[in-house]
Every structure is written in structure tokens, then in C-alpha cells.
Protein chains: 2
Amino acid sequence: MNISEAGRRAGLPAKTIRFYEDIGLIQPARMGNGYRDFSEEDLHRLAFLRRARALGFSVEECRQLLGLYQDRTRTSADVKRLARQHLQRVDDQLAELQQMRATLAHLIQACSGDQSPDCPILADLAQSAKG
Amino acid sequence: MNISEAGRRAGLPAKTIRFYEDIGLIQPARMGNGYRDFSEEDLHRLAFLRRARALGFSVEECRQLLGLYQDRTRTSADVKRLARQHLQRVDDQLAELQQMRATLAHLIQACSGDQSPDCPILADLAQSAKG
DNA sequence: CCTTGACCCTCCATCTACTGGAAGGACCAT
DNA sequence: ATGGTCCTTCCAGTAGATGGAGGGTCAAGG
């Protein structure tokens, strides 16, 4: 199977698949003419990668997850630990974004948004320069 | 004032301040020996930048915000529009992260985390490869 | 006068996870 | 033979810094 078909079936752009090969996440075979030749196994890994990335795992975590997936001696504890670490990071990001959102929403609400130059948003940004 | 003092007062690393100069966000004067010489105005801008960045505005948006701040003919509507755009992006990111979080938490909760190799997290990641 | 240490400078490389594009080969239909 | 659509590799660029090499500057101490 060539790269565009593999991309279509795995839900990934061809560019991304080549990149994943570059960094060693997959090793598709090659046809006589040098074209990549994707097996069902390759497709499986690609779809696994797509889904793990969609859950926000980093590429290195995806590499570990693929390793665990392939490793018959893994324990679910190993996987759970990785997932918990990631969840913690997601929660940290959420907390930061929510804090940003609250401040932004507050400032926007306070801003009249009219033709006057007076703006509490700019005032707030500048204020910290003084405080 | 030299760069480390400016950094201390503005709450930014010296590296970041040099970077901001590189991309034209500030133009500190130079002393005879080539050292940067920061004015109160420079400090003001740096602190403004730090705070705008902390609210998640991109560097280009920060450039626009600084421009508006300096522009006496601005309207608060201009600023509010920028802030609203940014809030929308923050909300989009929040929605995505919350979706990730829900899925992750669900999978983690379903995983026994023991010595067995059976793991619903890996199963879920692999499943999409089949579905 | 010399050295030591703490600054400062510029320039280049690195990070994440791709994405875009150039230059050229392969293949199929007309 | 020619056009169009695939494929290949390699290089550059994105955002926003951050780390480090290699070297200049300056004040204090001996």
C-alpha cells in the first residue's frame, strides 16, 4: 500500500507519516521502485499514533506507549503511570488556561469597546509595569 | 540600567529580552561599551509584554497591543476585538483539553494498574486502528 | 600590574511536531 | 512523447524561547 492510501486509512497526512518514519516510529517496507509499502501492521501503528497524539501524548510518550503495546511483559501499571503523568500535565495546562480565560473575560467585560481610547485591557497590561 | 537589572525588574530572563529586541518589540539604547541601557520606558514595555504573554497573547498580538497602547488615536473597540479573538482561541483550546482530559480520566479509571498486561488504555489506542 | 569573577556581547544550535516547497524520479493514459 | 499524478529526498520555516560557545568589559583585591 502506498503512502497516500496509508494516510487516508490511518487519518494522517503523508508528510506526517514520512516524519514518523524519520524519527523511527514506523519502518515501512519499500517497493522495488523505492516507494514505501505499508503493511496492515504499519497501518495499525499509524492509527495508534494518531489516537495517542489526539489524546495529547507527546511523540516520545507515543514511542513509549507503542513499546509497551508491543511488549508482552508489560504491566498495566506501567501504562497507567504514563497516562497519569500525562493527565497531570493536562490538568496543569487546564488550570493555566482557565486562569487566563477568567482574567481575559473579566477585562473584556470591563471594556466598553467604543470609539474612546480608554481601555481597561491596556490599562491592566500597563499597570503591571508600574506595580 | 543593564540587562540583568532590567530582567529582574520586568520579570523576564535576559535571554528573552534580547530575543524581544531581535524581533523588534523593544529598542533599548546602548552604552559606550556596547551594553544595552534600559530606560524606564523600556522597562514599562517589557513588563507590558510579560503580562500580555502571560495572558496567552501571541508575540504578534503583543506587538499589536503595544502599538495600540502607544497610539493615541486607538479606540477601545480595537483592543476589545483583539482580546475577543484571543478569548475565542483560549476557549477552543480549553474545549480540546477538556475533551482529552475526559477521555484520559475515563481510561485511567478503567485501568487496574496492576501486574497484568491487560490494559484498557492500550486497548483503546489500538482499537481505533481497527475501527 | 595582574588576575579573578561576574557581568556583557553576538551568533549558532536546539527544542516540538510538523508543514511547505523545490527538484527530480516513476507510472499510467493518451 | 507528453501530461498529470503520484512518489522520493532534502532543506527551510513555524513559535517562543533557551543553551552554549567564544570572546569583550569592568571592578575589586593582592
Side-chain angles (χ1 to χ4, degrees), chain A residues 1-38 42 45-66 85-86 89-90 92-93 96-97 100, chain B residues 1-38 42 45-66 85-86 89-90 92-93 96-97 100:
Chain A
M1 182 190 323
N2 67 19
I3 197 168
S4 62
E5 175 70 4
R8 198 187 58 71
R9 287 185 50 190
L12 290 171
K15 276 282 190 188
T16 299
I17 296 176
R18 291 196 192 97
F19 173 67
Y20 285 169
E21 185 186 9
D22 264 10
I23 64 178
L25 290 178
I26 49 164
Q27 287 97 19
R30 296 290 178 138
M31 297 190 269
N33 57 11
Y35 288 18
R36 289 172 185 80
D37 188 10
F38 294 84
D42 291 324
R45 289 174 70 93
L46 285 173
F48 185 105
L49 286 168
R50 180 181 57 71
R51 191 135 161 77
R53 291 286 302 126
L55 282 180
F57 286 102
S58 74
V59 161
E60 285 316 307
E61 285 165 336
C62 289
R63 195 190 299 278
Q64 294 180 50
L65 285 169
L66 266 180
Q85 275 176 25
H86 178 45
R89 269 209 327 276
V90 169
D92 292 350
Q93 284 180 51
E96 197 181 342
L97 271 182
M100 278 183 193
Chain B
M1 183 188 323
N2 67 21
I3 198 168
S4 62
E5 174 70 4
R8 197 186 60 71
R9 288 184 52 191
L12 289 171
K15 276 285 192 188
T16 300
I17 296 177
R18 291 196 191 97
F19 172 67
Y20 286 169
E21 184 185 10
D22 264 11
I23 63 177
L25 290 178
I26 49 165
Q27 288 97 20
R30 296 290 177 138
M31 295 189 271
N33 58 11
Y35 289 16
R36 288 171 185 82
D37 188 10
F38 294 85
D42 292 323
R45 289 174 71 93
L46 285 173
F48 185 105
L49 286 168
R50 180 181 58 71
R51 190 136 161 78
R53 292 286 301 128
L55 282 180
F57 286 102
S58 74
V59 161
E60 285 316 308
E61 284 164 338
C62 288
R63 196 191 298 278
Q64 292 180 51
L65 286 169
L66 266 180
Q85 275 176 24
H86 178 45
R89 270 208 325 276
V90 169
D92 292 349
Q93 284 180 51
E96 197 182 343
L97 270 182
M100 280 183 192

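Below, read A as the first sequence line, B as the second, and so on, with proteins coming before strands; counting in each chain starts at 1.
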Original post:
Does CD belonging to B:E96 count more than 12 external heavy atoms closer than 6.0 Å?
Top reply: no
**OP:** Would you jot down, in residue-number order, the residues of residues 20-38 of chain B having a non-hydrogen atom under 4.0 Å from DNA chain D?
**Re:** B:Y20, B:N33, B:Y35
Subject >> D:dC7 phosphate, OP1 or OP2, under 4.0 Å from A:S4 side-chain N/O >> reply: yes
**OP:** Answer yes or no: is there an ion pair linking A:E61 with A:R89, defined by an N-O contact shorter than 4.0 Å?
**Re:** yes
Original post:
Where each residue is assigned the nucleotide of DNA chain D containing its nearest heavy atom, which of B:P13 and A:A14 is assigned the position nearer the 5′ end?
Top reply: A:A14
**OP:** For B:D37 and B:R30, indicate whether the former's side chain and the latter's backbone hold a donor-acceptor pair under 3.5 Å.
**Re:** no
Original post:
Taking five pairs at each end of the helix from C:dC1-D:dG30 to C:dT30-D:dA1, what angle separates the two helix axes (nearest 10°)?
Top reply: 40°
Original post:
How many angstroms lie between atom CG of B:L49 and atom OG1 of B:T16, to the nearest 0.5 angstrom?
Top reply: 11.0 Å
Original post:
Quick one: are A:N2 and A:F38 in side-chain contact, heavy atoms under 4.5 Å?
Top reply: no
Subject >> Salt bridge B:E21-B:K15, side-chain N to carboxylate O under 4.0 Å >> reply: no
Original post:
Quick one: A:F19 CZ to C:dA17 C1', roughly how many Å, whole number?
Top reply: 5 Å
**OP:** Could you tell me whether the phosphate oxygens of C:dT19, OP1 or OP2, come under 4.0 Å of any side-chain nitrogen or oxygen in A:T16?
**Re:** yes
**OP:** Tell me whether the OP1 or OP2 atom of C:dT19 has a side-chain N or O from A:R18 closer than 4.0 Å.
**Re:** no
**OP:** Figure out the CD1/P separation between A:I17 and C:dT19, and round it to whole Å.
**Re:** 11 Å
Original post:
Just wondering, do A:R18 and A:R36 contact through their side chains at under 4.5 Å, heavy atoms?
Top reply: yes
**OP:** Quickly work out the B:L49 CG to D:dG16 C1' distance and round it to whole Å.
**Re:** 13 Å
Original post:
Quick one: are B:L46 and B:I17 in side-chain contact, heavy atoms under 4.5 Å?
Top reply: yes
Original post:
So do A:V59 and A:R53 actually touch side chain to side chain, heavy atoms under 4.5 Å?
Top reply: yes
Subject >> Minimum-distance nucleotide to A:K15 side chain [options: C:dC9, C:dG20, C:dC18] >> reply: C:dG20
Original post:
In whole Å, what is the span from the CD1 atom of B:I3 to the P atom of D:dT25?
Top reply: 17 Å
Subject >> Rounded distance in Å - CZ (A:R8) to C1' (D:dC6) >> reply: 15 Å
